[in-house]
Chemist: 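Below is a structure I'd like to ask you about.
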Amino acid sequence: MKGKWFLVVSVVLFTCLIAYRAVVIPMTHDEASTWLNFRHYNLWSCISNYYCWQSANNHWLNSLLMQWSASLLGDGAFALRLPNVLAGSLYFLAAALMAYRYIHTSWLQITGFLLLCAHVYLLDFFSLCRGYGLVSCGMIWGVYTMMRYGEMFQFRWAVACVLILFLSVVSNFTAILPFVSMGLVWFGVVVIKKRYTLLLKHGFVWLVASGLLGILLAYPFRIFRSEGELEWGSKNLWVLSTDLAGNLLYGVQYGLDNAASLLVFTFVLLLCLAALFVLMSYSLNSKRPMLLSLGLLVVNLAIIYLFQKLTGSSMPLGRKSVYLIPIIFSPLALVLGFVKQKIVGILVGVIVSGLLLFHTFLSLSWRDVREWYYDAYYPELFSMIRPSHHADDSIRLGSSWIFYPSLAYYQQAGKIPLSGLAYQRPLSIDPTVDYYFVETSDSTGMHGQGFALEKKIGPFFLFKKMAVSALPIDGDN
């Protein structure tokens, strides 16, 4: 019972963390692009609308939930991010349920929960208005419902699993890979257990969902293929693995040149040891969820590989691979249920939990995210260009293209009095603008056009239009 309340407190604390960050993190490039393109767009037309899929920022279910949330609560950053905050809370709940059901020692239940949740790269997406948080939530619930199905082969768990995975796919189409993977695992479990009558009784749910997805995804996938969207990603499983490991490290190398590669080897070793440890166990009932989670991981990786070979598409890379985090860490968490000795359990729990918490708080930034680091500086920017202006003043601001979506969002939704914003790539300097906020590549030529460096904000530059008396004249150096 004590472990149950520890888990409840953990769910609440992690939810508070992502909610706080959803409030304070400045609006990022991709979130703002989603808002600008789809805030008032008819998303139900996307089944046959070419424009709907011209932007990679249209994670359909995320865009729809953003519209609903904004209609109810306004267009503030937290309102737009609220669906993903709720998805994060549901993710933590699934992690707690998994730990409580399959790990029987209080210390290790918390450790199992942290193995599934304490990853800053994962937490980032629960504080942003992107589809990746929704997909990650769907993945852990897919794993949990699949394990529950494997216990008693109850129809309701099959329906829950398929429905959750269906919603994951319409949140981000990359989730079609785990949808296929979990369908194959379901088929394998039913056949291995010789429950052949369930192939029809429960299999029709998978068939109906697969048919609907085939109809819904056929048109956008044709567009993605013609536009070359499917070519972006990793070329093999090693690149995928090291990239994901690097994101889990979140830029912290601990003095090692190949920290990501070493982390991949560590994961492989731990998963092999976990599989060996389980196979040596005498408890068949305890083995089933663990073997199922290992099967889900192996089949997912196999489907990713086969999908690349059969279609010529690239494997997931960067944020597209975040859905693998709960799939990878589920067997590592569940193997803790096989630790029976109290002293060993406490020792393992303290060490693993301590390492996870140390890395989390070492790498965690409360007010920005690594993936969109360049969007962290808008509060300082606005404090520099607005200190003596009234609310009705209009500030002409130009910027590098990477800042344009967020600045346009703040102009339109945040009512910040900005004008002169334009998406320019490359940048064309307008001498009538009051300020320019630019990255290094766009900073050349500013002085010659009548702008002086006002301040360096982070790694970027704020230029201010010089007074007439300060302008360079012919012959000046």
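Throughout, numbering of the chain's residues begins at 1 and tracks the sequence.
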Chemist: Listed by chain and number, what are the side-chain contact (heavy atoms from CB on, under 4.5 Å) partners of Leu212, not counting sequence neighbours?
Modeler: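 Counting only residues at least two positions away or on another chain, Leu212 forms a side-chain contact (heavy atoms from CB on, under 4.5 Å) with Phe166, Val208.
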Chemist: For Ser261, enumerate each residue passing the side-chain contact (heavy atoms from CB on, under 4.5 Å) test, keeping only those at least two apart in sequence or located in another chain.
Modeler: Trp238, Thr242, Asn258
Chemist: Partners of Tyr50 by side-chain contact (heavy atoms from CB on, under 4.5 Å), sequence neighbours excluded?
Modeler: Gln54, Tyr219, Ile223, Glu227
Chemist: Check for me whether the distance between the ring centres of His59 and Tyr132 falls short of 6.0 Å.
Modeler: yes
Chemist: Going by ring pair (Phe, Tyr, Trp, His ring centres under 6.0 Å), Phe437 matches just one of Tyr410, Phe403, Tyr374. Which one?
Modeler: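 One option only clears the test, and that one is Phe403.
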Chemist: If we ignore hydrogens and angles and just use 3.5 Å, is the side chain of Gln308 paired with the main-chain N or O of Lys235 as donor and acceptor?
Modeler: yes
Chemist: Identify, with sequence neighbours excluded, every residue that meets salt bridge (charged side-chain N to carboxylate O under 4.0 Å, His left out) alongside Arg319.
Modeler: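 Asp30, Glu371.
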Chemist: Is a donor on one side and an acceptor on the other found under 3.5 Å between the side chain of Gln109 and the backbone of Ile103?
Modeler: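 Yes.
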Chemist: Could you tabulate the donor-acceptor pairs under 3.5 Å formed by side-chain atoms of residues 297-306, not counting sequence neighbours?
Modeler:
residue	atom	partner	partner atom	Å
Asn300	OD1	Ser181	OG	3.4
Asn300	ND2	Leu296	O	2.7

Chemist: Are Tyr51 and Asn37 packed together at the side-chain level, in the sense that at least one heavy-atom pair is separated by less than 4.5 angstrom?
Modeler: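 With C-beta onward as the side chain, the pair touches.
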Chemist: Is there a side chain to side chain donor-acceptor pair (under 3.5 Å) between Ser330 and Ser293? Walk through the geometry before answering.
Modeler: CA-CA 6 Å; Ser330 290; Ser293 67; over 6 Å; no
Chemist: Going by heavy atoms in the side chains, are Tyr144 and Arg101 under 4.5 Å from each other?
Modeler: yes
Chemist: How about Met98 and Leu116: do any of their side-chain heavy atoms sit closer than 4.5 Å?
Modeler: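 In short, these two side chains touch, coming nearer than 4.5 Å.
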Chemist: For the residue pair Phe267 and Phe329, is the inter-centroid distance of their aromatic rings smaller than 6.0 Å?
Modeler: yes
Chemist: Is the number of heavy atoms from other residues, nucleotides or ligands under 6.0 Å of Leu72 CG greater than 12?
Modeler: yes
Chemist: Would Asp124 and Arg370 pass as an ion pair if we require N to O under 4.0 Å?
Modeler: no
Chemist: Just checking Trp206 against Phe179, ring centres under 6.0 Å apart?
Modeler: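 Yes; Phe179 has its ring centre under 6.0 Å from that of Trp206.
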Chemist: Hey, do the aromatic rings of Tyr91 and Phe14 have their centres closer than 6.0 Å?
Modeler: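 Ring-ring flag for Tyr91/Phe14: false, centres at least 6.0 Å apart.
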Chemist: With ring pair (Phe, Tyr, Trp, His ring centres under 6.0 Å) as the test, pick out the partner of His202 among Phe187, Phe155, Trp157, Trp186.
Modeler: Phe155
Chemist: Do the side chain of Gln424 and the main chain of Ser400 share a donor and acceptor less than 3.5 angstrom apart?
Modeler: no
Chemist: Do side-chain atoms of Asp243 reach the backbone of Leu317 as a donor and acceptor pair under 3.5 angstrom?
Modeler: no
Chemist: Can you sort out the partners of Ala376 under side-chain contact (heavy atoms from CB on, under 4.5 Å), two or more places apart, ordered by chain and number?
Modeler: Asp368
Chemist: Could you tell me whether Arg195 sits above the aromatic face of Phe153, with NZ or CZ closer than 6.0 angstrom to the six-membered ring centre and within 45 degrees of the axis?
Modeler: yes
Chemist: Would you check if the distance from the ring center of Trp53 to the ring center of Phe173 is below 6.0 Å?
Modeler: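 Ring-ring flag for Trp53/Phe173: true, centres closer than 6.0 Å.
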Chemist: Without swapping roles, check the side chain of His40 against the backbone of Leu36 for a donor-acceptor pair under 3.5 Å.
Modeler: no
